[in-house]
> 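Supplied in structure tokens, the structure appears directly below.
Naming: A, B, ... by sequence-line order, numbering from 1 per chain.
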Amino acid sequence: MPILERRIIGFLCNWCSYGGADAAGVSRFTQPTDLRVVRLPCTGRMNPIFVVKALLAGADGVLVSGCHPKDCHYSEGNYYARRRLEVIKRFLPVLGIEPLRFEYTWVSAAEAKRWQEVVTAFTEQIHALPPVPRLPDDTGIERLLRELENSPLPICGCHAGHE
Amino acid sequence: MNNTEIMKNVLERASVLLAWGPGHDALHASPLFARKAHDVDKVVMDVRAVQSLAAYLPPLFQSEKEGRIAVLARPCHVRSITALLQEELIPVERLILVVLPCQGKLDMAKVMAACPAAESLDAAFVDGDNLVINADGRQWLLRLETMLSPACVRCPMPELPDAMIPEGCECVRLDGQARRPGEGGYAALDAFMEKTPQERWEFWKQEMSRCIRCYACRNACPMCVCRDHCVASARDPHWLSELDSVTDKLLFQVIHATHLAGRCTGCGECTRACPMGIPVGLLKMQMNKIVEELFGYKAGMDSKATPPLLTFEAIEKNIREKGK
Ligand code: SF4
Ligand code: SF4
């Protein structure tokens, strides 16, 4: 069976990992093509809800990458991010979501090679999992209308026999 | 002085005493804002007084008309109030805590299940270890112990230790006997986590399909202080649509849990308030457990402590991140 692409969302810090990913591209390092990148000004901008919103919207995996601790362009953004991201990673299991669907890591602008390894390993990790489970997207009203359509009774007395 | 006299005395120094009074029937108590001495005569503070009054405090303190505000609080409510003080959401010098030794509070769903006739009762009162309900010309004796909320059964702190009185806060204690302490911990969560991930996913899918998006869980939460600025109703950014889809409803619960990370005191108000009986508190319990494991922290224990998600350590003891 051919391996289909999975949907992976990468949130990358503008000052380091985005540059690292760019350098990997410029250096023509082979990389998997599943990742779609969202550029952040800093991992401190990373709201943990981005992770869950992406997973519930059908992303199979989410990868966050920023500057190494001590190297944040704004000096402390990634320290706050580390706490928040660790918390959200540990939170996923209570929802029944596989925590391996989410990773956060640090890649500097000079680490093109390391970026290639990170993105390859994460993509493999996501391919080893089944596609992300989806919730039904229909709303209560859609469900109700469907039930009414299938119901043998007329919806109300006023229209019965007037077809 | 008996308790009524103590409360009347407190009211002389405050513009309002937040308490509980008679509700729509004998089984239910409602929040009561006592402003005159004779209001205090109506106060109900046994197992029927189930609501936390802490959620009223931040908006009430905004009012210029109020002087000092006194509030009746069980020990678990004191934790919520301490958490509000930690974030400077209420002023300690205008607050008077009136703490009652806790006998626990009823789980109304349990009472209704044990006695469906309680929908239209004639009388309900506490007699020793029993809750007595008269309805349909019959009498029910329900053992109190089996009717309490699960959080109360496990509560490790039904009597407030002196060390837990927030620094600089006037605190008045009422007389009475507290129940025996429980062992605390995360038993309900641990039992839930024994399910497989698929079962957990299906559980939330099922439960969230019943959610009517009334936001009672949010409104009852003492720590949900954004009120009209909640992201759940914001159009920009548009986090949630106006549909009642399961995805939106589950995402809202995740938002509530994440916004409570390191702030939730486990008071149980969100679960209690849900009219659909959805145990949304489980998600926050998971959050609390994570925060305790990672940062050795519980919210609302120390009014001077900084919540862990508002700070960091250059080297985190308990976080092993990838790529180091
Ligand atoms: S999230 Fe629930 S348990 Fe936590 S503080 Fe709010 S109401 Fe209480
Ligand atoms: S209180 Fe219950 S029904 Fe209402 S929004 Fe919260 S979970 Fe949904």
> Backbone N or O of A/G96 within a donor-acceptor pair of the B/E202 side chain at under 3.5 Å?
no
> Nearest 0.5 Å, what's the CG-NE2 distance between A/N47 and B/H259?
6.0 Å
> Heavy-atom distances under 4.5 Å only: say whether B/L189 touches chain A with side chain, backbone, both or neither.
side chain
> Which answer fits B/N318, side chain, backbone, both or neither, if we ask what part of it has an atom under 4.5 Å from a heavy atom of chain A?
backbone
> Yes or no on side chain to side chain contact (heavy atoms under 4.5 Å, CB included) for B/E293 and A/R90, after CA distance, side-chain angles and deciding distance?
CA-CA 10 Å; B/E293 283 166 1; A/R90 293 182 185 216; 3.8 Å; yes
> Out of B/F192, B/F295, B/W201, which one racks up the most heavy-atom pairs below 4.5 Å with chain A?
B/W201
> Taking A/R83 for the side chain and B/L310 for the main chain, is one N or O donor matched with an acceptor at less than 3.5 Å?
no
> Can you establish whether the number of heavy atoms outside B/H238 located under 6.0 Å from its atom NE2 is more than 12?
yes
> After noting the C-alpha distance and the side-chain angles of B/R200 and A/L95, does the key distance pass the side chain to side chain contact (heavy atoms under 4.5 Å, CB included) rule?
CA-CA 6 Å; B/R200 278 174 247 151; A/L95 300 173; over 6 Å; no
> Tell me the closest heavy-atom pair linking A/F91 and B/L283, and the distance in Å.
CE1-O, 3.3 Å
> Given heavy-atom pairs under 4.5 angstrom as the criterion, report whether the side chain, backbone, both or neither of A/L85 touches chain B.
neither
> How many angstroms lie between atom CG of B/D248 and atom CG of A/L56, to the nearest 0.5 angstrom?
9.5 Å
> Can you tell me how far the CZ atom of A/R134 sits from the NZ atom of B/K205, to the nearest 0.5 Å?
11.5 Å
> If you count heavy-atom pairs within less than 4.5 Å of chain B, which of A/E98, A/R84, A/E76 leads?
A/E76
> Assign the ring pair A/F50 / B/W239 to parallel, tilted or perpendicular, where the plane angle (0 to 90°) is split at 30° and 60°.
parallel
> Give the intermediate values and the outcome of side chain to side chain contact (heavy atoms under 4.5 Å, CB included) for residues A/R82 and B/F312.
CA-CA 9 Å; A/R82 181 168 58 187; B/F312 63 84; 5.7 Å; no
> Can you name the closest pair of heavy atoms from A/P136 and B/T247 and give their distance?
O-OG1, 4.3 Å
> Can you name the one residue among B/L294, B/I319, B/T258 that meets side chain to side chain contact (heavy atoms under 4.5 Å, CB included) with A/V87?
B/L294
> Is B/T311 in contact with chain A via its backbone, its side chain, both, or neither, using a 4.5 Å heavy-atom distance?
both
> Test B/L250 against A/V52 for side chain to side chain contact (heavy atoms under 4.5 Å, CB included), laying out the working first.
CA-CA 10 Å; B/L250 183 59; A/V52 182; over 6 Å; no
> Can you pull out the residues in residues 208-227 of chain B with any heavy atom less than 4.5 Å from chain A?
B/S209
> What option among B/E199, B/K195, B/K289, B/E316 has the most heavy-atom pairs under 4.5 Å with chain A?
B/E316
> How about CD on B/Q206, more than 12 heavy atoms from neighbouring residues, nucleotides or ligands closer than 6.0 Å, or not?
no
> Would you please go through residues 13-33 of chain A and name the residues with a non-hydrogen atom below 4.5 Å from one of chain B, in numerical order?
none
> With a cut-off of 6.0 Å (strictly less than), are more than 12 heavy atoms of other residues, nucleotides or ligands near CZ of B/R154?
yes
> Is B/I290 close to chain A through its backbone or its side chain, or both, or neither, when contacts mean heavy atoms under 4.5 Å?
side chain
